[in-house]
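I have placed the structure first, in the form of C-alpha coordinates, so that the comments after it can refer back to it.
Within every chain, numbering begins at 1; the chains are lettered A, B, ... in the order of the sequence lines, protein sequences first and strands thereafter. Note that the structure is a prediction, hence the values are computed from the model and not measured.
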Protein chains: 2
Amino acid sequence: MENDPALPSLNQEPELLKTVLNKEGFRFTSQRQKILDLFQSAALGHHLNAEEIHQQLLDQGEKISFSTIYRALHVMVQLGLLQELELAEGRKYYELNTPFMDQHHHLVCVHCGDVQEFEDAKMTQVGSSESAARGFSLLNCQFTVYGICPSCQSLLG
Amino acid sequence: MENDPALPSLNQEPELLKTVLNKEGFRFTSQRQKILDLFQSAALGHHLNAEEIHQQLLDQGEKISFSTIYRALHVMVQLGLLQELELAEGRKYYELNTPFMDQHHHLVCVHCGDVQEFEDAKMTQVGSSESAARGFSLLNCQFTVYGICPSCQSLLG
DNA sequence: TGAATAGCGAAAATGATTTTCAATAACCCT
DNA sequence: AGGGTTATTGAAAATCATTTTCGCTATTCA
Ligand SMILES: [Mn+2]
Ligand SMILES: [Mn+2]
Ligand SMILES: [Zn+2]
Ligand SMILES: [Zn+2]
(Lines give C-alpha, C1' and ligand atoms only; values in the text may rest on other atoms or scores of the structure.)
(Ligands and ions follow the chains in the order given, each with its own letter.)
Protein backbone atom coordinates (compact mmCIF):
# COMPACT_ATOMS: atom_id res chain seq x y z
CA MET A 1 0.00 0.00 0.00
CA GLU A 2 1.17 3.50 -0.82
CA ASN A 3 2.13 5.98 1.83
CA ASP A 4 -0.31 8.76 2.53
CA PRO A 5 1.36 11.73 0.81
CA ALA A 6 0.02 14.06 3.51
CA LEU A 7 2.22 12.39 6.10
CA PRO A 8 5.95 12.98 5.86
CA SER A 9 7.89 9.77 5.40
CA LEU A 10 11.10 10.26 7.25
CA ASN A 11 12.54 6.87 6.62
CA GLN A 12 14.30 7.85 3.42
CA GLU A 13 15.19 11.54 3.46
CA PRO A 14 17.82 12.25 6.07
CA GLU A 15 17.07 15.97 5.92
CA LEU A 16 13.32 15.72 6.14
CA LEU A 17 13.03 16.21 9.87
CA LYS A 18 14.54 19.68 9.51
CA THR A 19 12.10 20.53 6.75
CA VAL A 20 9.08 19.39 8.73
CA LEU A 21 10.20 21.23 11.86
CA ASN A 22 11.06 24.48 10.11
CA LYS A 23 7.79 24.51 8.19
CA GLU A 24 6.01 24.93 11.52
CA GLY A 25 8.49 27.34 13.02
CA PHE A 26 10.38 24.79 15.10
CA ARG A 27 14.13 24.45 14.95
CA PHE A 28 16.05 21.37 13.98
CA THR A 29 18.24 20.07 16.79
CA SER A 30 20.51 17.07 17.14
CA GLN A 31 18.50 15.95 20.16
CA ARG A 32 15.29 15.77 18.16
CA GLN A 33 17.03 13.89 15.40
CA LYS A 34 18.51 11.36 17.81
CA ILE A 35 15.14 10.72 19.42
CA LEU A 36 13.48 10.21 16.06
CA ASP A 37 16.34 7.92 15.03
CA LEU A 38 15.57 5.71 18.01
CA PHE A 39 12.03 5.21 16.80
CA GLN A 40 13.17 4.51 13.28
CA SER A 41 15.60 1.86 14.40
CA ALA A 42 13.31 0.32 17.04
CA ALA A 43 11.93 -3.14 16.43
CA LEU A 44 8.55 -3.17 14.76
CA GLY A 45 5.84 -3.24 17.38
CA HIS A 46 8.08 -1.77 20.04
CA HIS A 47 6.74 1.21 21.95
CA LEU A 48 8.99 3.65 23.77
CA ASN A 49 8.45 5.81 26.83
CA ALA A 50 10.50 8.77 28.04
CA GLU A 51 12.50 6.63 30.45
CA GLU A 52 13.49 4.13 27.76
CA ILE A 53 14.45 6.88 25.35
CA HIS A 54 16.65 8.43 28.01
CA GLN A 55 18.28 5.09 28.79
CA GLN A 56 18.85 4.11 25.17
CA LEU A 57 20.52 7.42 24.45
CA LEU A 58 22.70 7.04 27.54
CA ASP A 59 23.65 3.56 26.38
CA GLN A 60 24.87 4.97 23.09
CA GLY A 61 26.83 7.65 24.90
CA GLU A 62 24.43 10.55 24.39
CA LYS A 63 23.52 12.70 27.34
CA ILE A 64 20.10 14.32 27.15
CA SER A 65 17.76 15.72 29.75
CA PHE A 66 14.27 14.50 30.44
CA SER A 67 12.86 17.94 29.79
CA THR A 68 14.27 17.83 26.29
CA ILE A 69 12.87 14.36 25.71
CA TYR A 70 9.39 15.35 26.80
CA ARG A 71 9.49 18.53 24.77
CA ALA A 72 10.65 16.69 21.65
CA LEU A 73 7.94 14.07 22.03
CA HIS A 74 5.27 16.73 22.23
CA VAL A 75 6.57 18.54 19.18
CA MET A 76 6.73 15.35 17.14
CA VAL A 77 3.23 14.35 18.14
CA GLN A 78 2.06 17.81 17.14
CA LEU A 79 3.78 17.42 13.77
CA GLY A 80 2.17 14.04 13.24
CA LEU A 81 5.49 12.19 13.29
CA LEU A 82 4.69 10.24 16.44
CA GLN A 83 1.62 8.78 17.99
CA GLU A 84 1.00 8.86 21.73
CA LEU A 85 -0.43 5.71 23.29
CA GLU A 86 -2.12 5.07 26.62
CA LEU A 87 -1.23 1.42 26.79
CA ALA A 88 -1.38 1.21 30.56
CA GLU A 89 -0.10 2.20 33.94
CA GLY A 90 0.72 5.79 34.44
CA ARG A 91 3.19 6.40 31.64
CA LYS A 92 2.74 7.33 28.03
CA TYR A 93 4.23 5.38 25.16
CA TYR A 94 5.11 6.58 21.70
CA GLU A 95 5.57 5.03 18.28
CA LEU A 96 6.05 6.25 14.72
CA ASN A 97 2.77 7.51 13.35
CA THR A 98 1.26 5.59 10.48
CA PRO A 99 -1.22 6.79 7.87
CA PHE A 100 -4.76 6.67 9.18
CA MET A 101 -5.90 3.78 7.01
CA ASP A 102 -3.03 1.62 8.21
CA GLN A 103 -3.55 2.25 11.87
CA HIS A 104 -3.07 -0.74 14.09
CA HIS A 105 -4.35 -1.53 17.54
CA HIS A 106 -3.08 -3.17 20.69
CA LEU A 107 -3.62 -6.25 22.80
CA VAL A 108 -2.05 -5.81 26.24
CA CYS A 109 -1.32 -8.41 28.90
CA VAL A 110 -2.24 -6.71 32.15
CA HIS A 111 -0.01 -9.10 34.05
CA CYS A 112 3.36 -8.90 32.28
CA GLY A 113 2.78 -5.84 30.10
CA ASP A 114 3.39 -7.67 26.82
CA VAL A 115 1.91 -5.74 23.90
CA GLN A 116 0.85 -7.27 20.60
CA GLU A 117 -0.34 -5.35 17.58
CA PHE A 118 -3.09 -6.15 15.13
CA GLU A 119 -4.87 -4.47 12.26
CA ASP A 120 -8.54 -4.51 11.49
CA ALA A 121 -10.21 -2.22 9.01
CA LYS A 122 -13.45 -2.43 10.99
CA MET A 123 -11.95 -0.18 13.66
CA THR A 124 -11.24 2.60 11.26
CA GLN A 125 -14.68 2.23 9.71
CA VAL A 126 -16.48 2.44 13.03
CA GLY A 127 -14.33 5.36 14.15
CA SER A 128 -15.01 7.23 10.93
CA SER A 129 -18.72 6.62 10.85
CA GLU A 130 -19.27 7.39 14.53
CA SER A 131 -17.38 10.64 14.36
CA ALA A 132 -19.08 11.59 11.10
CA ALA A 133 -22.50 10.82 12.59
CA ARG A 134 -21.86 13.28 15.40
CA GLY A 135 -20.11 15.93 13.37
CA PHE A 136 -16.73 15.34 14.99
CA SER A 137 -13.63 15.82 12.90
CA LEU A 138 -11.68 12.62 13.45
CA LEU A 139 -8.11 12.78 14.74
CA ASN A 140 -7.39 9.20 15.67
CA CYS A 141 -8.75 5.98 17.10
CA GLN A 142 -7.26 3.73 19.72
CA PHE A 143 -8.60 0.28 20.30
CA THR A 144 -6.95 -1.39 23.25
CA VAL A 145 -7.79 -4.92 24.32
CA TYR A 146 -6.76 -5.97 27.81
CA GLY A 147 -6.30 -9.58 28.79
CA ILE A 148 -3.87 -12.17 30.09
CA CYS A 149 -1.32 -13.65 27.75
CA PRO A 150 -0.86 -17.42 27.43
CA SER A 151 2.35 -17.61 29.44
CA CYS A 152 0.93 -15.55 32.28
CA GLN A 153 -2.14 -17.76 32.26
CA SER A 154 -0.05 -20.84 32.85
CA LEU A 155 2.00 -19.10 35.55
CA LEU A 156 -1.17 -18.05 37.34
CA GLY A 157 -2.66 -21.53 37.18
CA MET B 1 -31.32 -7.82 27.09
CA GLU B 2 -30.84 -9.74 30.33
CA ASN B 3 -28.16 -8.81 32.80
CA ASP B 4 -25.14 -11.02 32.93
CA PRO B 5 -25.84 -13.08 36.05
CA ALA B 6 -22.13 -13.16 36.83
CA LEU B 7 -22.18 -9.42 37.41
CA PRO B 8 -23.97 -8.17 40.50
CA SER B 9 -26.72 -5.69 39.68
CA LEU B 10 -26.68 -3.22 42.49
CA ASN B 11 -29.42 -1.00 41.23
CA GLN B 12 -32.16 -2.88 43.02
CA GLU B 13 -30.83 -4.54 46.17
CA PRO B 14 -29.82 -1.90 48.70
CA GLU B 15 -27.86 -4.51 50.65
CA LEU B 16 -26.02 -6.01 47.74
CA LEU B 17 -22.85 -3.99 48.06
CA LYS B 18 -22.23 -5.53 51.47
CA THR B 19 -22.75 -9.00 50.09
CA VAL B 20 -20.37 -8.47 47.20
CA LEU B 21 -17.70 -6.94 49.41
CA ASN B 22 -17.91 -9.57 52.12
CA LYS B 23 -17.80 -12.40 49.62
CA GLU B 24 -14.25 -11.31 48.77
CA GLY B 25 -13.19 -10.53 52.31
CA PHE B 26 -13.70 -6.78 52.10
CA ARG B 27 -15.72 -4.88 54.67
CA PHE B 28 -18.79 -2.83 53.99
CA THR B 29 -18.37 0.84 54.89
CA SER B 30 -20.56 3.88 54.54
CA GLN B 31 -17.88 5.58 52.47
CA ARG B 32 -17.94 2.82 49.87
CA GLN B 33 -21.71 2.90 49.74
CA LYS B 34 -21.76 6.67 49.25
CA ILE B 35 -19.28 6.50 46.42
CA LEU B 36 -21.22 3.78 44.67
CA ASP B 37 -24.41 5.79 45.18
CA LEU B 38 -22.86 8.67 43.30
CA PHE B 39 -22.30 6.47 40.28
CA GLN B 40 -25.81 5.09 40.46
CA SER B 41 -27.34 8.53 40.54
CA ALA B 42 -25.00 10.07 37.96
CA ALA B 43 -26.41 10.98 34.58
CA LEU B 44 -26.06 8.27 31.98
CA GLY B 45 -22.88 8.76 30.06
CA HIS B 46 -21.25 10.75 32.84
CA HIS B 47 -17.80 9.65 33.96
CA LEU B 48 -16.37 10.52 37.36
CA ASN B 49 -12.83 11.04 38.56
CA ALA B 50 -11.52 11.11 42.13
CA GLU B 51 -11.66 14.88 42.29
CA GLU B 52 -15.29 15.03 41.20
CA ILE B 53 -16.28 12.31 43.63
CA HIS B 54 -14.63 14.22 46.44
CA GLN B 55 -16.35 17.44 45.45
CA GLN B 56 -19.79 15.89 45.01
CA LEU B 57 -19.58 14.31 48.43
CA LEU B 58 -18.47 17.59 49.96
CA ASP B 59 -21.40 19.30 48.25
CA GLN B 60 -23.79 16.90 49.91
CA GLY B 61 -22.15 17.49 53.28
CA GLU B 62 -20.04 14.31 53.43
CA LYS B 63 -16.40 14.59 54.35
CA ILE B 64 -14.18 11.89 52.91
CA SER B 65 -10.46 11.68 52.26
CA PHE B 66 -8.86 11.16 48.90
CA SER B 67 -7.08 8.07 50.14
CA THR B 68 -10.43 6.50 50.92
CA ILE B 69 -11.81 7.45 47.52
CA TYR B 70 -8.86 5.94 45.68
CA ARG B 71 -8.97 2.80 47.80
CA ALA B 72 -12.70 2.38 47.23
CA LEU B 73 -12.34 2.84 43.49
CA HIS B 74 -9.69 0.14 43.31
CA VAL B 75 -11.77 -2.29 45.32
CA MET B 76 -14.84 -1.71 43.19
CA VAL B 77 -12.90 -2.13 39.97
CA GLN B 78 -11.48 -5.37 41.37
CA LEU B 79 -15.00 -6.54 42.19
CA GLY B 80 -16.21 -5.69 38.70
CA LEU B 81 -18.60 -3.02 39.93
CA LEU B 82 -16.75 -0.19 38.21
CA GLN B 83 -14.81 0.21 35.03
CA GLU B 84 -11.68 2.35 34.83
CA LEU B 85 -11.29 4.52 31.74
CA GLU B 86 -8.29 6.29 30.24
CA LEU B 87 -10.28 8.94 28.44
CA ALA B 88 -7.49 11.47 28.40
CA GLU B 89 -5.22 13.81 30.22
CA GLY B 90 -3.50 12.42 33.23
CA ARG B 91 -6.47 11.36 35.32
CA LYS B 92 -8.51 8.23 35.43
CA TYR B 93 -12.26 8.17 35.06
CA TYR B 94 -14.72 5.60 36.34
CA GLU B 95 -18.21 4.47 35.44
CA LEU B 96 -20.53 1.63 36.44
CA ASN B 97 -19.41 -1.57 34.79
CA THR B 98 -21.70 -3.10 32.21
CA PRO B 99 -21.87 -6.71 31.04
CA PHE B 100 -19.27 -7.42 28.41
CA MET B 101 -21.68 -7.77 25.51
CA ASP B 102 -23.18 -4.36 26.26
CA GLN B 103 -19.91 -2.51 26.49
CA HIS B 104 -19.90 0.91 24.98
CA HIS B 105 -17.08 3.04 23.68
CA HIS B 106 -16.11 6.70 23.68
CA LEU B 107 -15.73 9.63 21.34
CA VAL B 108 -13.70 12.39 22.97
CA CYS B 109 -13.28 16.01 21.90
CA VAL B 110 -9.62 16.76 22.52
CA HIS B 111 -10.39 20.46 22.68
CA CYS B 112 -13.21 20.77 25.22
CA GLY B 113 -13.13 17.28 26.74
CA ASP B 114 -16.72 16.44 25.81
CA VAL B 115 -17.28 12.68 25.83
CA GLN B 116 -19.96 10.86 23.86
CA GLU B 117 -20.75 7.17 24.09
CA PHE B 118 -21.64 4.70 21.39
CA GLU B 119 -22.14 0.99 21.05
CA ASP B 120 -21.01 -1.25 18.26
CA ALA B 121 -20.98 -5.01 18.41
CA LYS B 122 -18.06 -5.12 15.98
CA MET B 123 -15.73 -3.90 18.72
CA THR B 124 -16.55 -6.79 20.99
CA GLN B 125 -16.24 -9.22 18.10
CA VAL B 126 -12.83 -7.98 17.06
CA GLY B 127 -11.64 -7.92 20.66
CA SER B 128 -12.81 -11.45 21.24
CA SER B 129 -11.40 -12.90 18.06
CA GLU B 130 -8.05 -11.15 18.34
CA SER B 131 -7.53 -12.26 21.90
CA ALA B 132 -8.70 -15.78 21.11
CA ALA B 133 -6.35 -15.95 18.12
CA ARG B 134 -3.39 -15.19 20.37
CA GLY B 135 -4.48 -17.26 23.33
CA PHE B 136 -5.14 -14.25 25.54
CA SER B 137 -7.94 -14.46 28.05
CA LEU B 138 -9.97 -11.34 27.42
CA LEU B 139 -10.63 -8.90 30.24
CA ASN B 140 -11.96 -5.87 28.45
CA CYS B 141 -11.77 -3.67 25.38
CA GLN B 142 -11.61 0.08 25.12
CA PHE B 143 -12.17 1.81 21.85
CA THR B 144 -11.54 5.54 22.13
CA VAL B 145 -12.00 7.88 19.20
CA TYR B 146 -10.38 11.31 19.44
CA GLY B 147 -11.56 14.25 17.42
CA ILE B 148 -12.95 17.77 17.57
CA CYS B 149 -16.61 18.28 18.34
CA PRO B 150 -18.82 20.46 16.15
CA SER B 151 -18.92 23.44 18.51
CA CYS B 152 -15.15 23.45 18.98
CA GLN B 153 -14.76 23.26 15.20
CA SER B 154 -16.75 26.45 14.74
CA LEU B 155 -14.88 28.18 17.56
CA LEU B 156 -11.56 27.26 16.00
CA GLY B 157 -12.61 28.45 12.55
C1' DT C 1 -20.08 -8.72 73.40
C1' DG C 2 -15.16 -8.71 72.46
C1' DA C 3 -10.97 -9.86 69.87
C1' DA C 4 -8.93 -9.49 65.52
C1' DT C 5 -8.02 -6.63 61.83
C1' DA C 6 -9.72 -4.11 57.55
C1' DG C 7 -10.55 0.51 56.64
C1' DC C 8 -10.37 5.41 57.82
C1' DG C 9 -8.23 10.32 57.70
C1' DA C 10 -4.27 13.29 57.67
C1' DA C 11 -0.05 14.01 56.26
C1' DA C 12 4.04 12.66 53.95
C1' DA C 13 5.90 10.29 49.95
C1' DT C 14 6.07 9.01 45.18
C1' DG C 15 6.82 9.35 40.39
C1' DA C 16 5.85 10.92 35.85
C1' DT C 17 5.66 15.07 33.66
C1' DT C 18 6.08 20.22 33.39
C1' DT C 19 8.00 24.60 34.29
C1' DT C 20 11.61 27.99 35.27
C1' DC C 21 15.61 30.33 34.03
C1' DA C 22 20.19 31.32 32.54
C1' DA C 23 23.23 29.66 28.91
C1' DT C 24 23.54 27.99 24.17
C1' DA C 25 22.78 27.29 19.39
C1' DA C 26 19.62 27.46 15.09
C1' DC C 27 17.83 30.46 11.86
C1' DC C 28 17.42 34.50 9.15
C1' DC C 29 19.26 38.64 7.24
C1' DT C 30 22.68 41.26 5.56
C1' DA D 1 30.57 34.39 6.81
C1' DG D 2 29.06 37.37 10.89
C1' DG D 3 25.63 38.92 14.12
C1' DG D 4 21.23 39.63 16.20
C1' DT D 5 17.06 37.33 17.52
C1' DT D 6 14.92 33.92 19.94
C1' DA D 7 13.76 28.85 20.14
C1' DT D 8 15.91 25.17 22.60
C1' DT D 9 18.66 23.09 26.07
C1' DG D 10 19.94 21.20 30.83
C1' DA D 11 19.51 21.30 35.75
C1' DA D 12 16.81 22.03 39.33
C1' DA D 13 12.53 23.10 41.30
C1' DA D 14 7.61 22.67 40.88
C1' DT D 15 3.29 20.24 39.86
C1' DC D 16 -0.18 17.13 40.48
C1' DA D 17 -2.59 12.77 40.53
C1' DT D 18 -2.10 8.91 43.08
C1' DT D 19 -0.10 5.92 46.82
C1' DT D 20 1.71 4.93 51.24
C1' DT D 21 2.29 5.35 56.21
C1' DC D 22 0.57 5.19 60.66
C1' DG D 23 -2.24 5.69 64.74
C1' DC D 24 -7.15 5.39 65.49
C1' DT D 25 -11.87 3.57 64.53
C1' DA D 26 -15.41 0.54 63.03
C1' DT D 27 -16.80 -3.89 60.94
C1' DT D 28 -16.96 -8.78 61.16
C1' DC D 29 -17.75 -12.95 63.25
C1' DA D 30 -17.38 -16.34 66.89
MN1 LIG E 1 1.82 -0.02 18.13
MN1 LIG F 1 -18.87 5.49 29.30
ZN1 LIG G 1 1.55 -11.77 30.29
ZN1 LIG H 1 -15.19 20.23 21.88
Assign [X] to base, sugar-phosphate, or nothing according to its heavy-atom contacts below 4.0 angstrom with the strands shown.
X     : value
A:N49 : nothing
B:T29 : sugar-phosphate
A:R71 : base

When you measure from the side-chain N and O atoms of [X] to the phosphate of [N], is any distance below 4.0 Å, counting only OP1 and OP2?
X     : N      : result
A:H74 : C:dT18 : yes
A:Y70 : C:dT18 : no
A:Q31 : D:dG10 : yes
A:K18 : C:dA26 : no
A:S67 : D:dG10 : no

Roughly, in whole Å, what's the span from [atom1] in [X] to [atom2] in [N]?
X     : N      : atom1 : atom2 : answer
A:L73 : D:dT9  : CG    : P     : 11 Å
A:E51 : C:dA16 : CD    : C1'   : 10 Å
B:I69 : D:dT19 : CD1   : C1'   : 14 Å
B:I64 : D:dT18 : CD1   : P     : 15 Å
B:Y93 : D:dA17 : OH    : C1'   : 12 Å
B:Q78 : C:dA6  : CD    : P     : 14 Å
A:E52 : C:dT17 : CD    : C1'   : 16 Å
A:E62 : D:dG10 : CD    : C1'   : 15 Å

Parallel, tilted or perpendicular: which one describes the rings of B:F66 and B:H54, with boundaries at 30° and 60°?
parallel
Worksheet item: Would you call the rings of A:F118 and A:H105 parallel, tilted or perpendicular, where under 30° means parallel and over 60° means perpendicular?
Response: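 Judged by the thresholds at 30° and 60°, the geometry between A:F118 and A:H105 is tilted.
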Q | Inter-residue atom distance A:E62.CD - A:Q56.CD, 0.5 Å rounding | A |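 A:E62 CD to A:Q56 CD: 12.0 Å, rounded to 0.5 Å.
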In this structure, OG1 of B:T124 is separated from CD of B:E119 (nearest 0.5 Å) by 8.5 Å
Next item on the list: When you get a sec, tell me which of D:dT20, D:dT9, C:dA16 is the closest nucleotide to the side chain of A:R91?
Entry: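 The listed nucleotide nearest to A:R91's side chain is C:dA16.
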Hey, does the side-chain of B:R27 have a donor or acceptor N/O within less than 3.5 Å of a partner on the base of C:dT5?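 Yes, a donor-acceptor pair under 3.5 Å.
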Donor-acceptor pairs under 3.5 angstrom involving side-chain atoms of residues 77-93 of chain B: please list them, not counting sequence neighbours.
residue : atom : partner : partner atom : Å
B:Q83   : NE2  : B:N97   : OD1          : 2.8
B:E84   : OE2  : B:Y94   : OH           : 3.0
B:Y93   : OH   : B:N49   : ND2          : 3.4

Contacts of B:F26 and B:K63 projected onto DNA chain C by closest heavy atom; the upstream (5') one is B:F26
